[in-house]
Amino acid sequence: VYFEGDVVVVNTDGWKIESEDLTSSIVSTAIKTDRLTRVSGPNITITAQSMDLATNPDNADSHVLVFKHNVKLVYLPPS
């Protein structure tokens, strides 16, 4: 499924993905975009020009998240 225009994906663990567009699967955990993306969660923000989230080919119970191009990670330790 292709989404376009200020796309926001939020999960119950407090993680949020924001992008101009993304492609997602409705039959498996897969999200991909080649546009500027911001992922934020507890104490961390990651921005990158592209992102790919997929099921781990070596372990179907886990996932692989890959950021590419101009990746910036900001970690703010809890005070």
Side-chain angles (χ1 to χ4, degrees):
V1 178
Y2 178 72
F3 299 93
E4 182 178 32
D6 296 326
V7 180
V8 178
V9 177
V10 180
N11 81 355
T12 57
D13 293 329
W15 288 91
K16 179 166 50 170
I17 299 170
E18 300 170 89
S19 186
E20 297 172 25
D21 71 0
L22 62 81
T23 303
S24 178
S25 171
I26 59 172
V27 294
S28 66
T29 301
I31 298 174
K32 180 178 179 75
T33 183
D34 291 324
R35 304 287 286 276
L36 182 61
T37 303
R38 176 185 168 152
V39 176
S40 56
N43 305 322
I44 195 167
T45 300
I46 303 165
T47 55
Q49 193 58 44
S50 69
M51 182 204 76
D52 190 359
L53 171 68
T55 301
N56 183 345
D58 298 325
N59 179 355
D61 293 329
S62 64
H63 300 87
V64 177
L65 180 56
V66 178
F67 296 96
K68 293 183 181 176
H69 310 294
N70 300 320
V71 178
K72 179 181 177 183
L73 183 145
V74 177
Y75 173 71
L76 299 172
S79 50

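All residue numbers refer to positions in the sequence shown, counting from 1.
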To which residues is Val74 joined in a hydrophobic cluster, defined by side-chain heavy-atom contacts under 4.5 Å among Ile, Leu, Val, Met, Phe, Trp and Tyr, whether direct or through other members?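 Joined to Val74, directly or through intermediates: Leu76.
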
ILVMFWY cluster membership beyond Val64 - transitive side-chain contacts under 4.5 angstrom: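 Members besides Val64, by chain and number: Val66.
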
Just jot down the salt bridge (Lys or Arg N to Asp or Glu O under 4.0 Å) partners of Asp21, sequence neighbours excluded, or say none.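 For Asp21, the residues satisfying salt bridge (Lys or Arg N to Asp or Glu O under 4.0 Å) (neighbours in sequence not counted) are Arg35.
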
Under the 3.5 angstrom rule, does the side chain of Thr33 hit a backbone N or O of Ser50 as a donor-acceptor pair?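 The answer is no, because no donor-acceptor pair under 3.5 Å joins these two groups.
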
Trp15 backbone acceptor or donor facing Asp13 side chain under 3.5 Å: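 Looks like no, no N/O pair under 3.5 Å.
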
Write down the atom of Gly14, the atom of Pro42, and the distance for their closest heavy-atom approach.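 Scanning both residues, the minimum pair turns out to be O-CD, 4.1 Å.
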
Please find the pair of heavy atoms, one from Asn56 and one from Asp58, that lie closest to each other, and give the distance.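 Heavy atoms of Asn56 and Asp58 come nearest at OD1-N, 2.8 Å.
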
Let me check something: do [X] and [Y] share a hydrophobic cluster, defined by ILVMFWY side-chain heavy atoms less than 4.5 Å apart, either directly or through other members?
X     : Y     : answer
Val39 : Leu36 : no
Val71 : Ile31 : yes
Tyr2  : Met51 : no

Kindly indicate, with the supporting measurements, whether the criterion side-chain contact (heavy atoms from CB on, under 4.5 Å) is fulfilled by Glu18 and Val7. CA-CA 6 Å; Glu18 300 170 89; Val7 180; over 6 Å; no

Side chain to side chain, Val9 and Phe3, heavy atoms closer than 4.5 Å: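 With C-beta onward as the side chain, the pair stays apart.
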
Should His63 and Thr55 count as side-chain neighbours, where that means a heavy-atom distance under 4.5 Å?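 In short, these two side chains touch, coming nearer than 4.5 Å.
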
To the nearest 0.5 Å, what is the distance between [atom1] ([X]) and [atom2] ([Y])?
X     : Y     : atom1 : atom2 : result
Thr37 : Ile17 : OG1   : CD1   : 8.0 Å
Arg38 : Thr45 : CZ    : OG1   : 5.0 Å
Thr23 : Lys32 : OG1   : NZ    : 8.5 Å
Gln49 : Asp34 : CD    : CG    : 8.5 Å

Carefully, step by step, assess Phe67 and Leu73 under the rule side-chain contact (heavy atoms from CB on, under 4.5 Å). CA-CA 10 Å; Phe67 296 96; Leu73 183 145; over 6 Å; no

Does CG in Asp6 sit with more than 12 non-hydrogen atoms of other residues, nucleotides or ligands closer than 6.0 Å?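 Counting neighbours around CG of Asp6, 12 or fewer heavy atoms of other residues, nucleotides or ligands fall under 6.0 Å, so no.
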
